[in-house]
Each structure stands twice: as structure tokens, then as C-alpha cells.
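To start, the structure itself, in C-alpha cells.
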Amino acid sequence: MPSKGLDYYAYLGSSSYSLDFQFPSDWGDDTKHDGFSSYEQMGHGNHQISEEDIGVSDHYGRYEWVASKNGSSIASRYAEIAPSTGDMGDSDMGNMLATPSIVTSNYVVSYGFYDAGPGWGSLTNQDQSYVYVTSNHSNWMGDVAQSTSLGQLPFSHIALPGVHDSGMFDTTEINSLLNDATFISWLASILSPLVGIAVTEFLELSHSEWLHLLVNFAFTQKDNITTMLNLGIRYFDFRPGYCAPGYLGNLYHQHNFIPGYSYSGFLQDVLNWLKANPTEIVVVSLNFQGFLSTSMQPSLSTLSTYLTNAQNATGTTSILTGDKNDLSRTYSDLCSSNTRLIFLNQVGA
């Protein structure tokens, strides 16, 4: 019988948490459960949803996961999957940018879902679903420093969770540019030779089709900066630049030629968060890697002005910034001097 497979992954931070993965069975009259309670280790399973698992009049079978803490449900999500075609029906995980991590003071749930096709090239033909449930680690540096010798170590000895292309989660600017006919024509001329589709075909795309294409092409994150910080991220790859071609307005994270989150928003988010979390240190790598044109690159003085403006706007002029020379200082020394935003820039002189 036709079937569609699903790989599902789990991680639990402690014995307080558990996960229940649910699948249809017995012609839709029953539900199969795969419980997961092992903590501090990755779990993986695979399930094939077949025609005999769903009702005779149904087209989709419902996959669902339920996360619990101390036996009480704290979050759940679902996706309807068609065994005959592999298509996804109704789901609250279908839009990547609408699946933010759930962060509370007592727990954190991060999750995602990939609607796999038939397995083009090296891509899998199995749908992918992951769920990670942990405690809140917003202040992990301070917590670890209290119970270990981390505070006395040179900061360069500490491994930091990091984010690649950290600003590629926000569609505000690209949504605005997609209303500009000149920008659309330029996009079509750039993409046409890359993907082998005629410019005229690109020009026939609707606004929503353009947005879907560009998100799939360039967006790398689904959580905003504050959520990433609350999840424990302490190293950010951010690429501030002007929008091509020649849109010399504000600076945005640029993935080649597609803009994401604003640089001013990024700085203010980080500074506001550092103000609220005095035991934490954030490292930022500013760079222009992958930019389509050098004309997109701001000057060092412009970058400096953005930082000054962000500190003034957030009332954080007391938070000192550092550079690579500060990596030899201890965590305790950096915190005591309030040097808690370190730039390891790769933007040249």
C-alpha cells in the first residue's frame, strides 16, 4: 500500500519532561503512540503512514506530538499527511516562520517540521519533525559560573552556541521591496541564469509566490533575536549591508542579495537583553561574506554610528564593548567591568 514516512527526533533536558508521538492506525479508528522519556540524549524514530492507517473516506492521516512536564501537557503540534501522495494537509507547523520556540520561565520547547518531497537529488523523501524540551537557560553563563570554575577561565576557553546568518528570519524589508517593480525586474535578471528559468516567467510570479521563493532560498532562522538569546545563543553571525541594487537606506542582514532583519533592531534587541541579563556576555561577528556587490558594504564609521545610536536608544551606554583582545580576560573580569558585548568583526579597515 502507498505510504509516506516520517523521521521524528527528540531531546529532553531532564526527567521532568516527556514526549508522546502519535500516529493514525487501524483504518483511522485507533492511534499509535511512541513515548519518549530518556533525557540528555537524542532520540529518533521513523513511522510509515499507510493507506490502511487512515479512514476509507480520508485522504490524510494526523501526526501529532505532545510535550509534557511532570505528566501535564505543555505543548502540542500536528500535521496531516497524505499516504497516497505524500502531501501535507492542515497543520500548525506548515509555515517555518510561524513555528517560534515556546519560551517560559519554567521550560522551553523548540520544534520544527519539514514537508519532504519525493526525494529530489540527495534530499530525503521522509518528512522530518523535531522537538526539544528543556529548562530555561537564559542565564546559563551565570548559572555555570556559580557552580564551576568557568568564571576564572579566559573567555576564549568557553564554547559558545552560535547562529549562522542570524538575521534571516524577518520578512519585513523583503516584503516592502517586492512592491517595487524595479527591484522585481532586477531580481528576475539575477535569478534567471542561476536557476535556468526565463525572466518573463519570474515576472509572472505573484507577491506571495516571490516571498515563498525567497524565504526558501535565503532564510535560515525562524526565531527572533530575543528568543535566540533566551535559548542560550551567545555568538551571532550578522552581515549588515545596504539592499541591492543601490537602495542606500537602512542596514539589514544580507544573505547575498536578500535582506532580513534590520541592523538597528538587532543591536537594540541584544543590548536590551544584556541590560536585563547582567550575568551574560554576547559575541558578534560582523562580516560581509557572500554579498553580491561591494556597494552593499557600509563603512566602519557607519557601523560605529549604528552602535552608538542603539546604545543611546536603549539606555545601555554603561555596557562596554570589547574586541578579540578581550578574549584573554576571564569571564568574571569581563562581567565585573560590564564588558559584555564583544565584536569579532571581519569587515576590514
Short side-chain to backbone donor-acceptor contact, Arg234 and Leu229, under 3.5 Å: yes
Given the ring of Tyr111, does Lys222 sit roughly above its face, with NZ or CZ under 6.0 Å from the centre of the six-membered ring and within 45° of the axis? yes
Looking at Tyr306 versus Tyr263, is the centre-to-centre ring distance below 6.0 Å? yes
Crowding at NZ, Lys275 (>12 non-hydrogen neighbours, <6.0 Å): yes
I'd like to know whether the aromatic ring centres of Phe155 and Tyr331 sit less than 6.0 Å apart in this structure. no
Measure from the side-chain N and O atoms of Tyr132 to the backbone N and O of Tyr11, and report whether any donor-acceptor pair falls under 3.5 Å. no
Give a yes or no on whether the backbone of Ser138 and the side-chain of Asn136 come within a donor-acceptor separation of less than 3.5 Å. yes
Walk me through it: do Asp127 and Phe113 pass the test side-chain contact (heavy atoms from CB on, under 4.5 Å)? CA-CA 7 Å; Asp127 285 346; Phe113 187 90; 3.8 Å; yes
Could you walk me through whether Ile225 and Trp273 satisfy the side-chain contact (heavy atoms from CB on, under 4.5 Å) test, starting with their C-alpha distance in whole Å, then the side-chain angles of each, then the deciding distance to 0.1 Å, before giving a yes or no? CA-CA 9 Å; Ile225 300 301; Trp273 189 88; over 6 Å; no
Is any side-chain heavy atom of Ile102 less than 4.5 Å from a side-chain heavy atom of Val108? no
Filter on side chain to side chain donor-acceptor pair (under 3.5 Å), then keep only pairs touching residues 309-321, sequence neighbours left out; what's left? Thr314-Thr316
Would you kindly confirm whether Val144 and Tyr235 end up in one hydrophobic cluster when ILVMFWY residues are joined by side chain heavy atoms under 4.5 Å apart? yes
Tightest non-hydrogen contact, residues Ser73 and Val66, listed as OG-CG1, 3.6 Å
Counting only heavy atoms not in Tyr39, do more than 12 fall under 6.0 Å of its OH? no
